[in-house]
Amino acid sequence: MIQLHDKQFVPFISAQEIDFAIAKIAALVENDFADETPIFIGVLNGAFMVVSDFMKHYKSPCEVSFIKMASYEGTSSTNNVKQLIGLDQDLTGRTVVVIEDIVDTGNTLVVLKELFKKQNVKHFKIATLFFKPEAYKQEIKIDYVGIRIPNKFIVGF
């Protein structure tokens, strides 16, 4: 049992499963873009460790940056996404792969897709460690999925 503030959680995905899922995503992305220098955009705070572990497996040239978005209050989504910290570099003609720790409703992805569309990126791809298909409400394709999970609140790894 894991105690976090006033809530208790039961571990249900092993560290080995998580590492395998991240390695799988990194291999797929590397296979798709090894001939380019993609920029990986981690969505903070949740994706910090995912991006860190992803980079341990990705061996081709790349760049990494972060963006901070917010849509949660407590344990539920507010359905209102705000960009808190943005990118300050020109991404015109670049391949952008957004790395998320978890995708549930997909509301953040709508904002991100619009943001990067305005930047005239070459490719816009989405990679996520965890995906909640039951909660997903958008039409945007999730290009790389590590693990599909039920629509329940989880605590990071």
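Just so you know, residue 1 is the first one in the sequence shown, and it goes up from there.
You'll find the side chain of V121 stays beyond 4.5 Å of the side chain of I39, heavy atoms only. Side-chain contact between I126 and K141 is absent, with no heavy atoms from C-beta onward closer than 4.5 Å. The side-chain heavy atoms of T108 and E100, taken from C-beta on, include a pair separated by under 4.5 Å.
Counting only residues at least two apart or in different chains, salt bridge (charged side-chain N to carboxylate O under 4.0 Å, His left out) contacts with residues 111-129 comprise E36-K122, K125-D143. Listed by first and then second residue, the ring pair (Phe, Tyr, Trp, His ring centres under 6.0 Å) pairs involving residues 18-37 are F33-H123 (not counting sequence neighbours). Sorted by first and then second residue, the ring pair (Phe, Tyr, Trp, His ring centres under 6.0 Å) pairs with a member in residues 90-121 read F116-F124; sequence neighbours excluded.
Applying the ring pair (Phe, Tyr, Trp, His ring centres under 6.0 Å) test to H57 and every residue at least two apart in sequence or in another chain returns nothing. Partners of K56 according to the salt bridge (Lys or Arg N to Asp or Glu O under 4.0 Å) rule, which considers only residues two or more places apart in sequence or in another chain, are D53. Legend: residues meeting salt bridge (Lys or Arg N to Asp or Glu O under 4.0 Å) with E30, ordered by chain and number and at least two apart, are absent.
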*Could you check N107 against Q138 for side chain to side chain donor-acceptor pair (under 3.5 Å), going step by step and ending with a plain yes or no?*
CA-CA 7 Å; N107 293 333; Q138 308 303 329; 3.0 Å; yes
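When the shell of 6.0 Å around OH of Y136 is examined, it contains more than 12 heavy atoms from other residues, nucleotides or ligands. Shown here is E139, whose CD atom has no more than 12 heavy atoms of other residues, nucleotides or ligands within 6.0 Å. Other residues, nucleotides and ligands contribute more than 12 heavy atoms inside 6.0 Å of the NZ atom of K59.
Looking at K132, its side chain does come within 3.5 Å of a backbone N or O of K152 through a donor-acceptor pair. For K24 (side chain) and G146 (main-chain N/O), a donor-acceptor pair under 3.5 Å exists by modelled atom type.
Considering all non-hydrogen atoms of both residues, T37 and R94 come closest at O-NH2, 2.9 Å. A pairwise comparison of heavy atoms in A127 and I25 identifies CB-CG2, 3.8 Å as the closest pair. Between M55 and C62, the shortest heavy-atom distance links the atoms CE-SG, 3.2 Å. The two residues A21 and L129 have their closest heavy-atom pair at CB-CD1, 3.8 Å.
The aromatic rings of F48 and F66 sit tilted, their planes meeting at an angle between 30° and 60°.
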